[in-house]
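Below is one structure, written out as structure tokens; comments come after it.
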Amino acid sequence: MKLTLGKIFIQDIVFSDETRLESGVLHVNPAQYEQLVLSDDKISSVSFDIAKPGESVRITPVKDVIEPRVKVEGPGGIFPGMVAGVETVGSGRTHALSGMALVTAGPIVGFQEGIIDMSGPGAAYTPFSQTLNLVMVCTPKDGIEAHEYERAVRMAGFRVAAAIGELGRDVEPDEEIEYETLNFVEDLHLFFDLPRVGYVQMLQSQGLLHDTYVYGVDAKQILPTILYPTESMDGAIVSGNCVSACDKNPTYIHQNNSVIADLYAEHGKTLNFVAHIITNENVYLADKERSSNQTAKLCRMLGLDGVIISQEGFGNPDTDLIMNCKKIEAEGVKTVIITDEYAGRDGKSQSLADADVAADAVVTGGNANQVITLPKMDKVIGTLDYVNKIAGASVDTLQEDGSLVVELQVITGATNETGFNKLSAR
Amino acid sequence: MRCIAGKQEDADALYGPASFLLTGPSKGQRGGCVKYFVLTNNPMVCEKAAAGADVVYKPGSIQGIFEEAACYIAQGHRLLTHPLSGSVKPGETPYKSMLISSDALQNMDLASARLISSAIDACGKFSDKSGSYTEQTLRDLQLVDVSLISGAMDSALVS
Amino acid sequence: MVKEIERTGLPVVHICTVTPISLTVGANRIVPAIAIPHPLGDPAASHEEEERLRRSIVEKALKALSTEVDGQVVFTG
Amino acid sequence: MKKITVLHYINQFFAQIGGEEQADHPVEFFEGEVKGPGLAFMQLFGDEAEIVGTIVCGDSYFNERHDETLDAIIEFVDRIHPDLVIAGPAFNAGRYGVACGAVAAGVQERLGIPALTGMYVENPGVDLYKDKVLIVSTKNSAAGMRAAVKLMAPLALKLGRGDAIGASCEEGYISQGVRVNFFEKQRGSKRAVDMLLAKLSGKPFTTEYPMPDFDRVDPQPAVKDVSKATIALVTSGGIVPKGNPDFIESSSASHFGEYDITGVDELTSEGYETAHGGYDPTYANQDADRVLPVDVLRQMEREGVIGKLHNKFYTTVGNGTAVASAKAFGAEIGKRLVGDGVDAVILTST
């Protein structure tokens with residue numbers, strides 16, 4: 001399966017009465033997209049705003065971050081099973097409006113979280129302070145139940161992102177990258193002398209506000225399975241996850257998975273990147289045993305020599321991560337696991353809720369309990385009402401001078417567990 | 001704990017915790033009918049629990065629920081769900097529900113002991129914010145907890 | 001300390017409160033204690049009751065020492 | 001900008017007094033003098049800091065008169081009251097490393113003056129003091145002096161100024177088990193790919209989060225017949241004869257106690273107490289049998305349920321005690337019990 005990913009570098013976003021994409025500048029007529037959002041009767045109002053790197057702007061609470069993309073050639077469309085049909089994606093040509101993101105904001109439930117600061121000390125801890133953000137703030141109709149409203153905002157985000165992506169359909173990309181994965185027989189002959197490497201990605205899958213969807217299927221219900229690494233580039237995996245801002249994977253991260261990108265960079269040179277294995281992190285312990293048994297089986301079936309395992313979330317998935325690591329190593333397949341840590345504000349607590357000596361190769365995205373002071377921002381997109389209730393924010397979070405004393409936990413993507421950032425800990 | 005033949009759609013009743021279980025010989029944790037009770041401090045679980053469901057309601061903090069669970073584990077009961085379920089952290093949400101095996105083995109289940117101990121430890125890592133919530137927010141948090149535990153009950157049907 | 005004593009060739013039973021630390025300290029035979037300040041006693045109980053309680057814990061400890069184990073086992077029975 | 005004032009602790013060798021033959025050289029205080037490696041520090045301090053005095057002490061002298069020598073040093077440091085104390089570097093010299101750790105920890109805990117030392121990672125001083133003081137990781141011999149001073153000097157200036165200290169791998173000190181965030185040059189996924197390639201090809205790699213230590217010990221076979229077995233009691237609950245004759249510390253115990261209970265049928269409040277500083281002692285002081293069940297085991301001995309209650313019990317305080325010390329105590333206690341023909345051990349902890 002071969003995919004050409006064309007990146008169209010977005011230089012600026014401006015509101016104007018006519019939506020168009022011209023020499024890297026995205027002109028957006030918000031009215032055009034408001035209809036797209038309000039077509040779902042569960043959303044009562046939507047407003048659009050723009051936040052640029054370096055501005056004194058805070059976006060909160062953040063629900064999801066999505067990169068507008070369009071499938072130019074090849075089967076299926078972006079966000080299969082959600083917006084597009086269920087054809088298998090991951091081949092042909094896809095264009096991405098790179099350097100920008102659609103950020104869905106506004107509370108789903110009363111304790112929502114997720115902060116993106118476009119400047120100041122907080123900007124260093126989120127990848128989304130470096131993107132031009134078109135922010136979509138929704139408010140629910142009264143009496144709408146949280147489950148239904150979460151779904152409404154999630155789907156609205158994908159519809160708008162796909163629509164904006166269309167603007168890039170006929171634009172010549174500034175950069176093109178070609179990704180190719182052969183089937184197991186072909187790559188065995190071609191790369192017989194290279195170690196066979198896989199990526200085991202654990203997807204958050206516990207319930208309301210904690211779900212991930214694969215081709216529209218709730219990850220809670222899947223048995224671990226195998227994807228071509230290019231399928232996630234077309235939005236095969238999307239986030240319905242709104243909690244634990246620092247280590248949940250927004251859809252943007254699924255679309256731009258850095259483990260997949262860095263494995264492809266070595267593909268055919270120092271390793272043979274064979275497959276993208278996905279599994280889940282259910283609450284029920286017997287489900288964890290079943291899923292980790294299956295991932296270990298898949299690693300053996302594919303004849304892998306080594307895998308990178310990434311997790312998503314806090315506490316519960318630590319047990320799946322350790323089970324996956326232990327069982328895969330027991331198959332003689334070497335592992336490296338990527339996680340973040342909750343070592344307490346003083347850094348002295350045990351970082352993970354589970355542990356095993358088999359996990360001897362760990363990459364960490366940092367301690368999510370680290371305390372940080374975020375200065376007052378001139379402008380807030382969304383609302384500050386919930387700031388005090390954000391995970392990691394102690395009751396005296398909002399200071400008199402308007403600054404926030406919070407933990408990294410509340411910053412979207414701060415301690416990402418797919419290795420997307422450079423933050424670490426020792 | 002009543003154990004009655006149940007149908008999948010009963011279990012699918014949105015947020016009605018499954019009080020019906022497939023009958024069948026109980027082969028321990030895997031397969032067959034896993035008899036369990038729900039330990040919770042979430043009032044909504046009681047409201048939505050179908051008649052006959054075995055719910056032990058113990059109002060109080062999450063740490064209190066963990067310590068209560070630890071007592072059951074010390075008597076040989078097994079945890080069926082992860083105590084740190086849900087990325088909504090202790091202190092951020094005041095609610096926690098857990099499934100615990102009704103049967104008690106002679107020796108304590110070490111995995112359950114390890115999980116409940118690290119869960120009690122984890123409580124120390126987070127400051128308690130639940131005091132500043134509105135009634136509606138508390139209902140939202142209760143709903144999230146019910147969603148997490150009813151998902152686990154669905155799994156318990158087929159485990 | 002528990003492991004080092006066992007390493008010298010002596011079977012050891014560890015009477016302690018079951019916590020992640022006691023589990024990771026890794027004694028192979030563990031008997032849960034009553035509480036940290038009085039692992040083998042209960043000040044609230046009468047003297048006879050307390051001695052009966054202490055005896056039951058020591059009996060569990062002796063049972064643990066005379067039971068073959070192949071890994072970490074917590075004796076509650 | 002006021003110069004940072006530093007006091008430097010070194011042993012007889014680095015003060016050019018002599019080698020092992022001068023190891024019992026008594027502690028000496030040289031105000032206003034810079035000796036040995038102090039000169040190398042001064043070069044790197046430039047005009048930001050200066051060594052205002054040197055403390056010299058023989059390694060044997062220090063370790064054999066630990067408490068009073070440390071008190072004398074603390075008193076001197078208190079009088080001079082520098083901004084910072086540097087001890088060593090001690091490289092792989094065991095007694096020197098332990099002395100450096102003790103001086104640095106003592107100055108920090110009792111005077112609140114920041115302290116820094118340096119030694120080789122396998123120096124016994126590391127395990128005893130790494131979670132109390134900053135220990136820079138040095139080579140295993142004095143040949144590594146230049147590199148050690150190059151690492152210690154900037155860290156010393158940071159400590160002297162009260163600046164924030166980065167993560168262990170950034171600043172070159174031995175990890176204290178405290179997780180500190182910092183920004184790597186490469187993103188996590190790239191580091192994971194490189195780590196996997198190294199692990200696959202058998203090359204060395206460094207995990208970014210070492211799992212808690214789980215070194216398993218295989219279980220000993222069960223006691224065949226308890227009614228014929230000699231059972232010994234050991235506790236980390238700190239039960240000691242009244243008055244704590246061997247001064248077992250209430251936390252970070254540096255030794256254990258061995259006490260004879262021949263003819264003792266139960267532990268009375270007149271005879272025994274707890275030295276443990278980590279829990280409410282009232283219940284143990286009222287009746288030490290609640291921690292060390294001598295009364296029940298004596299009964300069982302009389303009833304023939306057990307062969308014999310060993311006449312000696314061993315005790316220490318498991319409160320903040322360094323892992324290395326606890327391991328050492330266990331090994332020594334086990335050796336003595338095996339030597340006395342004991343068959344099994346009941347270990348109680350609080």
Side-chain angles (χ1 to χ4, degrees), chain A residues 124-125 195 197 199 257-263 265-266 270-271 305-310 322 334-344 346-352 355-370 408 415-426, chain D residues 121 130-137 151 155 164-218 319-320 322-323:
Chain A
Y125 290 98
V197 169
Y199 170 35
N257 189 300
S258 54
V259 174
I260 288 177
D262 288 339
L263 280 175
E266 295 293 324
T270 59
L271 56 85
D305 300 305
V307 291
I308 289 173
I309 310 173
S310 74
I322 294 296
K334 300 264 189 303
T335 65
V336 169
I337 65 175
I338 308 178
T339 181
D340 67 353
E341 298 172 51
Y342 286 82
D346 59 6
K348 288 182 176 157
S349 302
Q350 192 153 324
S351 296
L352 296 177
D356 190 273
V357 64
D360 63 356
V362 180
V363 164
T364 171
N367 177 21
N369 290 130
Q370 179 200 325
L408 286 190
T415 59
N416 177 272
E417 296 177 291
T418 61
F420 196 83
N421 304 328
K422 293 178 178 169
L423 183 67
S424 187
R426 291 293 184 290
Chain D
V121 69
K130 69 180 179 194
D131 44 19
K132 296 188 173 64
V133 286
L134 284 184
I135 304 177
V136 166
S137 181
L151 271 175
L155 197 47
I165 303 294
S168 50
C169 63
E170 281 184 301
E171 309 266 15
Y173 61 86
I174 294 172
S175 167
Q176 302 188 303
V178 176
R179 303 301 290 173
V180 177
N181 283 348
F182 70 107
F183 288 97
E184 285 268 7
K185 295 179 198 53
Q186 292 180 319
R187 64 185 182 182
S189 47
K190 179 71 178 95
R191 303 197 313 267
V193 172
D194 294 343
M195 193 181 285
L196 183 61
L197 286 171
K199 190 170 179 182
L200 284 171
S201 54
K203 293 202 190 74
F205 62 88
T206 314
T207 183
E208 297 180 2
Y209 173 67
M211 283 287 147
D213 169 19
F214 283 124
D215 66 346
R216 280 267 166 271
V217 171
D218 298 333
N319 173 23
V323 171

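Each chain gets a letter, A, B and so on, in the order its sequence line appears, and its residues count up from 1. The basis for the numbers below is simple: all heavy atoms, side chains too, and nothing from hydrogens, waters or symmetry mates. Predicted, not measured: the structure shown is a model, and the values here were computed from it.
- Side-chain atoms of A:Ser424 come within 3.5 Å of backbone atoms of A:Thr364 as a donor-acceptor pair (strictly under, hydrogens ignored).
- At a 4.5 Å heavy-atom cutoff, the contact between A:Val197 and chain D is made by side-chain atoms alone.
- Interface remark: D:Leu196 contributes backbone and side-chain atoms alike to the contact with chain A (heavy atom separation under 4.5 Å).
- A:Val362 pairs in a side chain to side chain contact (heavy atoms under 4.5 Å, CB included) with only one of the listed residues (A:Ile337, A:Val336, A:Thr335), which is A:Ile337.
- A:Asp305 touches chain D through backbone and side chain together, each having a heavy atom under 4.5 Å away.
- At a 4.5 Å heavy-atom cutoff, the contact between A:Thr418 and chain D is made by backbone atoms alone.
- Residue with the most contacts toward chain D among A:Leu271, A:Leu408, A:Asp360, A:Leu352: A:Asp360 (heavy-atom pairs, distance under 4.5 Å).
- Residues passing the salt bridge (charged side-chain N to carboxylate O under 4.0 Å, His left out) test with D:Glu208, sequence neighbours excluded: A:Arg426, D:Arg191.
- Formation of a donor-acceptor pair under 3.5 Å by the D:Glu170 side chain with backbone atoms of D:Ala167 is found in this model.
- Only the side chain of A:Ala343 comes within contact range of chain D, judged by heavy atoms closer than 4.5 Å.
- Residue A:Ile338 touches chain D through its side chain alone, counting heavy-atom pairs closer than 4.5 Å.
- A donor-acceptor pair is defined here as one N or O able to donate and one able to accept, closer than 3.5 Å; no such pair exists between the side chain of A:Asn369 and the backbone of A:Asp346.
- For a residue to count as touching a neighbouring chain, one of its non-hydrogen atoms must lie under 4.5 Å from one of that chain's; by this rule D:Phe182 touches chain A with backbone and side chain alike.
- With sequence neighbours excluded, the residues that form a side chain to side chain donor-acceptor pair (under 3.5 Å) with A:Thr339 are A:Gln311, A:Glu417.
- Among D:Ser175, D:Gly177, D:Gly188, D:Cys169, the residue making the largest number of heavy-atom pairs under 4.5 Å with chain A is D:Gly188.
- Looking at A:Glu341, its side chain never comes within 3.5 Å of a backbone N or O of A:Gly366 through a donor-acceptor pair.
- With a threshold of 4.5 angstrom between heavy atoms, A:Ile309 does not approach chain D through any atom at all.
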